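Heads up: numbering here begins at 1 and tracks the sequence. Each ligand, and each atom within it, is numbered from 1 in the order the structure gives. These numbers were taken from a predicted model, which means no experiment stands behind them.
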Amino acid sequence: TLLSSKPANASNSSVSIRGGTYKTDPAWFNVPSNVLDATTRKLHLQKDHPVYITRQIIESNFPSPTYKYYNEYNPVVSTHQNFDSLGFPPNHPGRALSDTYYINDKTLLRTHTSAHQADTFRADESEGYLISADVYRRDAIDRSHYPVFHQMEGARSWDRNKVPNGDIAAAVRAGLKTLPKHNVEVEDPNPPYHDERNPLQDCHSAAEAQAIGEHLKRSLENMVVDVFSRAKAAALREDPTFVDEPLRMRWVEAYFPFTSPSWELEVYYAGDWLEVLGCGVVRQSLYNNAGVPSQLGWAFGIGIDRIAMLLFKIPDIRLFWSQDQRFLSQFTGVSDNLDKLNRFAPFSKYPPCPKDVSFWLASTSPAGGNTKGNFHENDVMEIVRNVAGDVVEDVRLIDEFVHPKTGRKSMAYRIVYRSLERTLTNEEANSFHESVREALVRELGVELR
Ligand code: FA5
Ligand code: MG
């Protein structure tokens, strides 16, 4: 196949993940060994790890018994759980082999915690739930994107048959009054719903959707405000003269097949807006299919690693995977006493080694390739990741053009090699880069320029 990313046991017809054994289909199986290894790590359950601590802090903003916690769901799910149950159309690009890690045609590594929404709505008796888990995506490489990361799903539901007078809007508004009010200014130019861009569902009244949206947004803003106040307290413990930049948040309209209306929340961080979560009013079909048609409510999905970056001031998402004691020992004891939270103290910053590669695309890719004949940038990302692992900091398209006579397309990428743990020699970087160049030719059939 096209993938360089053959796991060590690719010749086997099955793969073991977290105690389960799954039949692999060579036409679908595309999980590289570094990703397979990551399935054993469960950073959200590793005490004193920043991802674990961040999970604790977010959970504390959604307390039991209103919310019930599920942190042990298996990462191997069906295409039904990950896509169909959520209303993803059959041709949705997220289903492609270029975006998702498959075991076989019906089995994959979940790409989001929403894969467990339907099952949890069906099984859960409480008013709300939180699900934390490792998730997997073939994705770009940079400081805030990694092929394995962690999400927390949250949902809060109200039952038409259980609220006073069946008045959902009044019940949600009453709930909203019990939530703390923060005093941070939030940019939210969006209407509660929008007929074309972000529609109300037929089965909801405007008042219901509006109340649910407000409850959702306030709950999430409070969580981010809490994270920031803990980060600020930590900074002040280290340096009483510390003055931080004011927290900035903004809401952006979004689209998910399983919520409407939908939004994303962005936080200003290190000179840029960082998307931290997606959310919305749950599509009624999810409740109906889960056998609880009298319920309605909201759901969200947070990137835990992204929140952890904000909380600990961690500059690069790769650091979470470090087994270096200079990283891990910095957080010892925090899980048992969140008031001891401290920000990350970088060990010395090692120099970056940027290297460029440019190539002509093959007019037709080799048959049988996982990109089905089309060049896909995620194949470049994965080839680089497979060759150089966590030594890759960033991969970016820097130039692209079509030759006016031949019609051939040229692409140029800049790859930044940088270790978080030591200085790379130029020879090492060159040798990684040479292997990347060879792999691009071998696996994508491109012609180097
Ligand atoms: C989702 O995954 C939806 N399931 C979220 C959702 C849940 C919407 C419930 C509505 C209701 P999205 O693909 O935007 O949405 O990812 C959610 C968050 O995961 C992002 O905001 C970001 O914080 C984080 N994230 C996404 N890709 C990566 C990545 N490659 N590395 C690290 N974090 C990521
Ligand atoms: Mg998003």
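With a 4.0 Å cut-off on non-hydrogen atoms, T111 does not touch ligand 1 at all. Contacts of C279 with ligand 1, taken as heavy-atom pairs under 4.0 Å, involve the backbone alone. Counting heavy atoms under 4.0 Å from ligand 1, residue R306 touches it through the side chain alone. For H145, heavy-atom contacts with ligand 1 shorter than 4.0 Å involve the backbone as well as the side chain. Looking at F258 against ligand 1, only its side chain comes within 4.0 Å, counting heavy atoms.
Annotation for ligand 1: atoms under 4.0 Å from non-hydrogen atoms of Y146 are 29 (C), 30 (N), 31 (N). Which parts of ligand 1 touch G303 is read off a 4.0 Å heavy-atom cut-off, strictly below it: atoms 18 (C), 19 (O), 23 (O), 24 (C). Applying the 4.0 Å criterion to heavy atoms of E264 picks out, from ligand 1, the atoms 14 (O). Listed by number with element, the atoms of ligand 1 under 4.0 Å from a non-hydrogen atom of T259 are 10 (C), 11 (C). Near L277, meaning under 4.0 Å from one of its heavy atoms, ligand 1 places the atoms 21 (O). The atoms of ligand 1 that sit less than 4.0 Å from any heavy atom of Q117 are 9 (C). Short contacts between ligand 1 and V276, defined as distances under 4.0 Å to a heavy atom of the residue, involve ligand atoms 21 (O), 23 (O). Taking a cut-off of under 4.0 Å to the non-hydrogen atoms of S144, the atoms of ligand 1 that pass are 31 (N), 32 (C).
The residue from F327, F312, F320 that alone fulfils the ring pair (Phe, Tyr, Trp, His ring centres under 6.0 Å) condition with F344 is F327. Under the ring pair (Phe, Tyr, Trp, His ring centres under 6.0 Å) test applied with Y67, the options F300, Y129, F62 reduce to a single match, F62.
No donor-acceptor distance shorter than 3.5 angstrom exists from the side chain of R156 to the backbone of S219, with no hydrogens or angles considered. With hydrogens and angles ignored, the 3.5 Å screen pairs a side-chain donor or acceptor of S262 with a backbone N or O of T259.
Considering only non-hydrogen protein atoms, atom 21 (O) of ligand 1 sits nearest to E275 OE2, 2.6 Å. Shortest contact from atom 4 (N) of ligand 1 to any protein heavy atom: S114 OG, 2.8 Å. Closest protein heavy atom to atom 2 (O) of ligand 1: R137 NH2, 2.9 Å. For atom 17 (C) of ligand 1, the closest non-hydrogen atom on the protein side is Q151 NE2, 3.4 Å. Among all protein heavy atoms, the one lying closest to atom 7 (C) of ligand 1 is G301 N, 3.2 Å. Taking atom 27 (N) of ligand 1 as the reference point, the nearest protein heavy-atom neighbour is F149 CZ, 3.3 Å.
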Verdict with supporting geometry, F149 and V135, side chain to side chain contact (heavy atoms under 4.5 Å, CB included): CA-CA 5 Å; F149 58 103; V135 301; 3.5 Å; yes
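For H112, a nitrogen or oxygen atom sits less than 3.5 Å from a nitrogen or oxygen atom of ligand 1, counting backbone and side chain alike.
The side-chain hydrogen bond (donor to acceptor under 3.5 Å, both in side chains) test applied to N378 returns no partner, not counting sequence neighbours.
Of all N, O or S atoms in E275, the one lying closest to the Mg ion (ligand 2) is OE2. Distances from the Mg ion (ligand 2) to the N/O/S atoms of E264 are shortest for OE2.
Residue nearest to atom 15 (O) of ligand 1, selected from Y136, F256, F300, W263: F256 (by heavy-atom distance).
The two residues F331 and D48 make their nearest non-hydrogen contact at CB-O, 3.1 Å.
Using modelled atom types and a 3.5 Å distance limit, the side chains of Q330 and N342 yield no donor-acceptor pair. Looking at E245 and Y269, their side chains never bring a donor and an acceptor atom within 3.5 Å of each other. Neither side chain, Q151 nor S132, offers a donor N or O lying under 3.5 Å from an acceptor on the other.
Between D390 and R418, none of the side-chain N atoms (NZ, or NE/NH1/NH2) sits under 4.0 Å from a carboxylate O, so this pair counts as no salt bridge. A salt bridge links E428 to R422: at least one charged side-chain nitrogen sits closer than 4.0 Å to a carboxylate oxygen. Using a 4.0 Å cut-off between charged side-chain N and carboxylate O, D99 and R95 make no salt bridge.
Geometric assessment of R160 against the ring of W158 yields a negative cation-pi assignment under the 6.0 Å and 45° thresholds.
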